[in-house]
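Structure, as structure tokens:
For this chain, numbers begin at 1 and follow the sequence in order. Just the heavy atoms: all of them, side chains too, but no hydrogens, waters or symmetry mates, feed the values below. Every number for a ligand or one of its atoms is a count from 1 in the order of the listing.
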Amino acid sequence: MPVDIEAKIPNNVDLKDDRRLQRALESWQPKFIRWWEELGPAAFKQNPVFLRTAIDVGRDGWANFDHVSMPDYRWGIFLAEPEPDRKIAFGEHKGDDVWQEVPGEYRSALRRLIVVQGDTEPASVEQQRQLSLTAPSLYDMRNLFQVNVEEGRHLWAMVYLLHRYFGRDGRDEADAMLERHSGDVDNPRILGAFNEETPDWLSFFFFTYFTDRDGKYQLASMRESAFDPLSRTCDFMLKEEAHHMFVGATGIARVVARTIELMQEHDTDDVHPHGGINLDVLQKYLNFHYSVSLDLFGSETSTNAANYYSAGLKGRFHEERRNDDHRLTTLYRNVPDVADGVIGEREVTQLAALNETLRDDYTEDCQKGIDRWNRALAEAGSDFQLRLPHAGFNRDVGTFSGHRISPTGQMIDDATWGSAVDGWLPSDDDKAHVQSLMVGVTEPGRMAGWIAPPSTGINQKPVDYDYVKV
Ligand SMILES: [Fe+2]
Ligand SMILES: [Fe+2]
């Protein structure tokens, strides 16, 4: 389908041929803009930013790079090209044609899936809204804004589905996306991790590394959906999402590099007095963000997830590449299980364990970046290695919740936890130190003292390019 890039709402869904839908979305648009003005980036939002804007979905070039001021950003609706003759790859309807409309029996379940995903998108923009004030460089500020505008576009993606396929209920849900707010006591965002603050740039990098990666796995399993418009929407969102995780992975790598540099320069492990972030503090931030992101996958066993799968609404990561019956009712696996104060396992059907399977895939992916950071540490002669904590550490959802478990997987009592927790999660002192380093740097090419420069710029521009015109 051709892209209508000049339309009020750029799109490749033939919006101009559906006047009612177009009008409905055009009446949601000012509400979105108002939300952006109030709860989007707190500073520099009028400045020209070197942003990537989605303009097409094709293989050769889907994005345009140019300076735009964010209120003029073209938030559009883009679905990946349809796959001709696509069949349902799993569940009870395996082998049938995919659906172009929502089957009545799955209407509320699909709506729920879309709402939960959609809610995370504006949530992260809200969580990150203060960060532009303390960006460690213009390069980083630009990356923050890139992530923010794309999360805004992801909200548009979900809102389009709600408006187009769910009638009145869908329109109400689209409005509610702008009414819930991250951390709001009365009307919070749906998922826990999206109500946590992102108070500093170290948190931002870990958030984009771990929490945006949860997004990748959720989107990838919805890309498998029998509901083809959802599948195509998620497929395109994944292209943008990759950059968000890149921001996290390279951001942390640059902090590690700078810390190593300071350690060598001053011949010490304690770089705090020299304006750096110690490796053990990085480990604590990692522990926090990984553990709250694990919660996003839900309980180890889940009837909802099983029902979604059997119905064809949400598959596994890379469903079609897997060699099994794609029904999973008679295949088994072990899941963690805490019983009588002991961490063990129990065997359940793979169908019941879908959340755990997705969490495993996610963890494996998380490990890759950690291996890269650790290689940099080893090459620099450091014997410190970053590690993912045990899956039971600091968990609020599933079998581990309500138990005190150390990062190495020991079941401990409250007193032991209380005396050790400052060594495992960012302490008030750690947060205060990190916060003290957060000073905005707005001179092209210059970096704050706690982070190394990136190895390359964006879209072949040099690192000292004026990514944000200040
Ligand atoms: Fe997103
Ligand atoms: Fe993202």
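In this structure, Trp99 has its ring center closer than 6.0 angstrom to the ring center of Tyr106.
No other N/O/S atom of Glu121 lies as close to the Fe ion (ligand 1) as OE1 does. The N, O or S atom of His244 lying closest to the Fe ion (ligand 2) is ND1. Sorting the N, O or S atoms of His154 by how far they are from the Fe ion (ligand 1) puts ND1 first. Glu151 contributes OE2 as its N, O or S atom closest to the Fe ion (ligand 2). Minimum-distance N/O/S atom of Glu241 relative to the Fe ion (ligand 2): OE2.
Remark: Arg52 engages Glu150 in a salt bridge, criterion side-chain N to carboxylate O under 4.0 Å. One finds no salt bridge joining Asp66 and Lys461 here, because no Lys/Arg side-chain nitrogen approaches an Asp/Glu carboxylate oxygen to under 4.0 Å.
For the Fe ion (ligand 1), the set of nearby N, O or S atoms under 2.8 Å includes none belonging to Asp212. The Fe ion (ligand 1) has no N, O or S atom of Glu240 inside 2.8 Å of it.
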Exercise. Ring pair (Phe, Tyr, Trp, His ring centres under 6.0 Å) between Trp201 and Phe205: does it pass, once the steps are laid out?
Worked result: CA-CA 6 Å; Trp201 277 78; Phe205 290 135; 5.8 Å; yes

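For CD of Gln367, the number of neighbouring non-hydrogen atoms (other residues, nucleotides, ligands) closer than 6.0 Å is greater than 12.
Side chains of Gln435 and Asp200: no donor on one and acceptor on the other come within 3.5 Å.
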